[in-house]
Each structure stands twice: as structure tokens, then as C-alpha cells.
Amino acid sequence: MPKKHLPFESVSRRDLLKLGLGAGVVGPLALSSRGAKAVNTQAHIVIVGAGAGGLSMANRLTNSLQGAKITIIDTREKHYYQPGWTLVASGVWNQDKTVTDIVDWLPKSVNWVKGHVAEYDPDNNRVLLEDGQAVSYDQLIVASGLQLRYDLIQGMDVDLIGQGKGVGSVYASMDASAKTNEEIKRWISKGGGTGLFNLPPTALKCAGAPIKMTFTTLHRLEDTGRREQFNVEFMTPSGGLFSVPFYNDFIKQRFSEQGVTRNDLWTLKAIDADAKKATYSVKGGEDQVKDYDFIHVVPPMTAGAALENSPLAFQPNENFKGWMKVDRETLQNPDYFNVWGIGDVMGMPSNKTAASVKMQAKVLEENFLASLQGKPLTAKHNGYTSCPMITAIGKAMLVEFGWDSKLLPSFSFIDPKKESWTVWVMKERMLRPAYYAMLEGKI
Amino acid sequence: MTFSGILTVVWYSALPWLWLISVMLVAFLVPQLLARMKSYSFTSKGGMGSKYIPPLVVLLAFFLVPLQTQSSLAYVNTWVDWMNLIGVSIGLGFYAWLVFHPICFMRNSK
């Protein structure tokens with residue numbers, strides 16, 4: 001059962017400020033804005049995308065620059081706390097906890113252009129919008145996120161989610177997450193059947209989410225006391241479950257203990273939602289068709305056509321082709337020094353999480369300011385990413401790592417290799433506040 | 001993390017619980033103020049309530065706090081988990097003492 005709303009939970013930040021509540025806390029925060037360290041510049045800075053990366057940078061640069069004109073480009077009116085969607089789809093959170101208005105996070109001085117970039121033209125320092133408008137810049141920050149390519153799975157449509165046809169996907173939207181929860185409940189209430197859980201053949205954001213969805217669903221199935229009536233299978237296009245060897249082995253072991261059948265090198269190719277059949281291409285073998293009662297679809301993900309077809313993308317002969325080309329440590333485009341990247345759009349191993357954005361924003365701000373002042377770029381991104389790996393509803397492991405899968409624990413007292421109630425509480429209670437502080441550019 | 005960053009995280013963490021924090025603050029302040037008007041101090045003699053309710057709260061919290069977080073005592077696993085749970089339970093027990101000790105004092109002094 002989703003938890004009932006608590007008072008104030010869905011009240012916007014603006015409303016609370018109007019009420020004057022917490023003035024004692026908010027008051028000191030104002031002291032930190034636009035401090036003495038602000039850099040003077042007349043540059044026009046364009047940020048593409050008002051997601052986690054774009055909003056963080058808009059707030060950070062507003063505070064650290066004096067005289068700059070900052071423009072952010074995005075059509076969306078709402079900002080979603082996407083790390084909460086696994087909790088919504090698992091029946092732990094009400095979906096309303098994950099939505100806020102973008103306007104609440106944008107500094108007033110930032111110019112918001114409601115458009116969608118159709119073309120990057122870095123040779124002429126401009127981006128072209130779908131409505132034909134050209135926006136020129138001195139500095140460009142690409143924070144456009146990624147595109148969910150459900151269209152690459154034949155027969156798949158996000159509108160199928162929640163239609164009683166057993167199709168769910170935590171990635172599609174806030175509503176889809178809630179509907180995924182309904183589909184899982186329907187499957188459980190049937191008293192048996194097959195659930196198929198998938199990984200995509202591409203890089204993906206929040207790479208732990210498909211695994212978390214499997215674990216929370218297993219928890220719910222075990223709670224029925226009739227776990228043996230349910231068949232759970234997990235499909236992996238690469239044969240791997242997680243990029244860090246320890247966690248890969250841990251999840252494999254746990255899947256084995258919890259009776260999950262793994263089908264390695266299987267890629268979801270097509271869905272027949274009416275017949276509840278999924279077709280998989282199998283590496284080195286013939287296509288396989290599976291009947292299901294519930295399927296968790298994770299779509300292939302790409303950087304989006306505008307970026308992929310631009311000079312800013314990695315080329316076909318390079319690693320991470322189609323994703324944005326940046327120096328993975330400085331976050332600067334190596335071909336256009338006035339172009340920078342942050343977030344999911346960048347071509348990097350892992351690093352498509354909100355936790356990565358938190359680290360990247362700090363590095364990007366420092367290097368961006370250094371660049372404006374003609375100084376060398378000294379801040380280096382260490383590849384930090386984090387995933388509180390939920391292994392059941394009520395416990396989790398704090399997975400934090402950087403380049404080469406090196407573990408980078410933030411808290412010396414939390415064992416990153418042990419399941420913990422404390423980590424669950426962090427995920428359920430603390431990470432959303434930390435995320436909002438990140439959007440404000442405070443952490 | 002900067003001080004301002006910590007305050008921001010604390011603020012957003014407290015937001016859903018402002019109503020409860022307010023209720024708890026009132027439940028703490030009212031008996032304290034009323035009892036102090038009758039020369040109450042922390043060293044004053046309490047009563048049965050302040051003797052038995054706080055340990056009961058500690059015991060209940062031990063089981064109910066994990067449930068309140070949609071978890072269970074079975075998932076309290078690491079030493080950090082145990083320290084946190086024990087700390088929260090004792091904290092709630094102490095809070096119960098702060099509320100019930102002055103109430104018992106006033107009842108005794110009638």
C-alpha cells in the first residue's frame with residue numbers, strides 16, 4: 001500500500017516560503033548567494049535541458065557569476081525526482097512525492113526558453129530550436145539527458161503500461177511507475193504466472209533500477225506466502241548484471257537463492273501485448289518467444305537525434321558513439337572548448353545517475369569558472385556514481401564507485417558490501433532532500 | 001559539504017514532518033512550562049508514569065521505528081543499523097520522560 005500523504009509533502013517550496021515556515025533555516029541560506037567570490041563576465045551561457053544537471057548548473061552559475069546572461073532551454077514545466085520512481089513502482093511511495101514545478105528551482109534571473117533543440121551548430125556558436133529559432137551563445141552546457149527508445153522494441157508503446165496487459169516500465173514516466181505498481185499488484189493477485197525482467201542492450205540511466213524492481217517484486221511475491229507459484233526470469237543482453245564485479249556476483253548469487261532464472265545474452269526485441277508474448281533475440285542462437293503475465297520493459301537509451309547528428313557527439317569509430325563527447329575528467333568538449341557536458345547525455349561508463357550529476361556539477365562549475373578566467377582546468381571528475389541497491393523493501397546496500405569500478409564509499413562507517421536498514425532509510429528519507437539541495441546548487 | 005548545503009538538506013528532510021515536530025514541541029513545552037510555574041525541575045520527583053512509560057516507549061520504538069520506515073527489525077543488520085535504532089529508541093524514551101515527568105510532578109503536587 002502506498003503511504004498516505006503527509007501534510008506539507010506535496011506543498012511547493014514557493015508555497016512554504018510564502019507561509020514563512022522555516023524562515024530561521026532558510027534565512028541563513030540567503031547569505032550564501034552570490035558571494036564575494038563571484039566572477040565577472042558578460043558571457044551569454046546557454047544550458048540545454050532543465051533536468052538535474054541543467055538546474056544545478058543554472059543555480060550554481062547564478063551564484064558564482066556576476067553580469068552573465070544565463071538561458072536555459074527546455075519545454076517541460078515539471079521536474080521529476082526520478083530516483084523515487086522505483087519506490088513508486090514498488091508500492092512504497094505515492095507518485096506525487098516525485099514531482100515539482102521547474103519554475104520553483106529556476107533562479108529568477110535565468111531566461112527560460114521553452115523550446116526543444118533540433119540542431120547543435122557549434123561552429124557558429126548557436127543552437128537551433130524546433131520552431132526555427134536560433135539561440136546564440138558564448139558558452140554552452142549540454143544537459144539534455146537521454147531519450148528512451150521504446151520505439152526500438154517492436155509492438156511496445158508506453159500507453160500499454162497500466163492497461164491490464166501486464167506491461168510495466170519504471171522508466172517511462174511518473175504515471176507509468178504508478179501504473180507499473182498496479183500491474184504488479186494485478187499479477188500478484190492472480191496467484192501465479194511468469195514475470196520477465198529485462199536489461200537493455202545500451203547504456204542506461206540508473207543502471208540499478210531494473211535490478212531493484214526485480215528485488216522489490218520478489219519481496220512482494222515472497223510476502224504472499226506462495227512464491228513457488230510465480231516464475232521470475234531476468235534477461236541480460238550482455239550476460240552482466242552490474243558493472244562492479246562484487247555486486248555483479250552478489251546479485252547473481254541472490255537471484256539464484258531467490259529462484260530467479262537468468263537468461264544471459266537475451267535482448268527484448270518485440271512484444272505482443274494482447275497475447276502477452278515477448279520475443280527475444282538470443283546472441284548466437286534463434287529468437288525465443290516467452291509468455292508472460294508481467295513484463296518489466298527497460299528501453300534502449302540514446303542521446304537523442306539532435307546530439308547524435310551533431311559534431312558534439314562521439315563518432316561511429318569511437319567508444320560511446322552517439323553520446324556527447326567530453327573529456328571525462330574536465331567535462332569539456334575536446335573539439336569546442338566553449339562547450340561542456342553534464343549528466344546522462346555524456347559518453348561515459350556508468351555515470352547516468354543523480355549522484356553522478358552531484359559530483360559533476362561541482363567539477364563543471366570549477367572548470368567553467370577557470371576557463372572564463374583563462375586559468376587551467378584543474379578540477380577532475382573521478383567517475384563517482386552511486387546507487388542505493390534495494391535488495392528488498394526495507395533494506396539496501398550503498399553502492400558507490402568511480403572509474404574502473406573502484407569503490408568510493410562516502411561514509412567510512414557504512415559497509416558498502418552489506419545490506420543495511422540504515423541505507424534503506426537513507427534511500428527512502430534522505431536522498432530526496434539531498435537531491436533538492438543539489439538542484440539548488442547547495443551541495 | 002558546506003554549512004548552507006547541510007542546512008538545505010536538513011530543511012528538505014524536515015519538511016514532511018513539520019506538523020509532527022510542532023506537535024511534539026507543544027507536547028514538550030506545555031507540561032514543562034506549567035510544571036515550572038509550580039517550581040518543577042528535572043530533579044523533582046516524578047511518578048509511576050515517568051518511571052514506566054519511557055522504558056515502554058524505548059521498547060516499542062525498537063520494534064515500531066523500523067516498521068515506520070516500511071522496513072522490519074529483521075533487516076536491522078549492521079552495527080550502524082543497531083546503533084541508529086538504539087539511539088532513536090533511547091531518544092524517543094528520553095522525550096517521553098521529558099513529557100511525562102512534569103505531568104507526573106503536577107499530578108503529585110495536587
Side-chain angles (χ1 to χ4, degrees), chain A residues 1-3 5-11 13 16 19 21-22 24-33 35 63 87 90-93 97 391-397 410-411 413-415 418-425 427-443, chain B residues 1-30 32 57-95:
Chain A
M1 280 279 290
K3 283 170 72 175
H5 255 315
L6 293 168
F8 298 109
E9 214 148 60
S10 60
V11 177
R13 184 178 63 145
L16 280 163
L19 284 170
L21 290 169
V25 178
V26 176
L29 302 186
L31 298 175
S32 66
S33 64
N63 289 333
L87 295 174
S90 301
V92 178
W93 271 14
K97 278 180 87 165
T391 52
I393 296 174
K395 62 178 174 176
M397 296 163 97
S410 299
F411 307 98
F413 51 87
I414 291 181
D415 188 337
K418 279 193 175 158
E419 294 162 284
S420 157
W421 168 63
T422 304
V423 176
W424 164 261
V425 174
K427 165 73 183 171
E428 213 258 317
R429 298 284 160 89
M430 299 300 295
L431 293 189
R432 191 175 63 136
Y435 178 91
Y436 288 159
M438 176 190 80
L439 291 188
E440 288 197 358
K442 301 289 184 189
I443 62 170
Chain B
M1 200 186 291
T2 61
F3 179 64
S4 147
I6 292 167
L7 282 181
T8 311
V9 176
V10 169
W11 168 240
Y12 284 120
S13 301
L15 265 183
W17 304 103
L18 288 179
W19 67 277
L20 182 62
I21 293 167
S22 309
V23 168
M24 287 179 77
L25 204 60
V26 170
F28 160 67
L29 286 175
V30 170
Q32 284 284 337
V57 168
V58 172
L59 197 66
L60 283 175
F62 206 72
F63 293 96
L64 295 180
V65 167
L67 287 180
Q68 203 282 327
T69 61
Q70 308 229 53
S71 186
S72 82
L73 192 58
Y75 292 156
V76 177
N77 179 34
T78 64
W79 70 267
V80 176
D81 290 351
W82 286 109
M83 292 300 288
N84 283 334
L85 182 56
I86 291 167
V88 169
S89 300
I90 290 175
L92 287 171
F94 180 61
Y95 171 80

Residues of residues 79-88 of chain B under 4.5 Å from chain A (heavy atom pairs)?
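Those residues of residues 79-88 of chain B which have a heavy atom under 4.5 Å from chain A are B:Trp79, B:Val80, B:Asp81, B:Asn84, B:Leu85.
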
Hey, what do you get for CD1 (A:Ile443) to OH (A:Tyr436), rounding to the nearest 0.5 Å?
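Answer rounded to 0.5 Å: 13.0 Å.
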
Atom NZ in A:Lys442, atom CG in A:Asn63: separation rounded to 0.5 Å?
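Here the rounded value is 6.0 Å.
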
Give a yes-or-no answer on whether the side chains of A:Trp424 and A:Glu419 include a donor-acceptor pair shorter than 3.5 Å.
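No pair is found: no donor N or O on one side chain lies under 3.5 Å from an acceptor on the other.
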
Step-by-step side chain to side chain contact (heavy atoms under 4.5 Å, CB included) determination, B:Ser13 to A:Arg429
CA-CA 7 Å; B:Ser13 301; A:Arg429 298 284 160 89; over 6 Å; no

Taking ring-ring contact (aromatic ring centres under 6.0 Å, His included) as the test, write out the residues that go with B:Tyr95, two or more places apart.
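If we apply the ring-ring contact (aromatic ring centres under 6.0 Å, His included) test to B:Tyr95, skipping adjacent residues, there are no hits.
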
Does any heavy atom of chain A fall under 4.5 Å from the side chain of B:Ser72, the backbone, both, or neither of them?
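For B:Ser72, there is no contact with chain A at all, as no heavy atom is under 4.5 Å.
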
B:Ser89/B:Val58 under side chain to side chain contact (heavy atoms under 4.5 Å, CB included): CA gap, chis, key distance, verdict:
CA-CA 5 Å; B:Ser89 300; B:Val58 172; 4.1 Å; yes

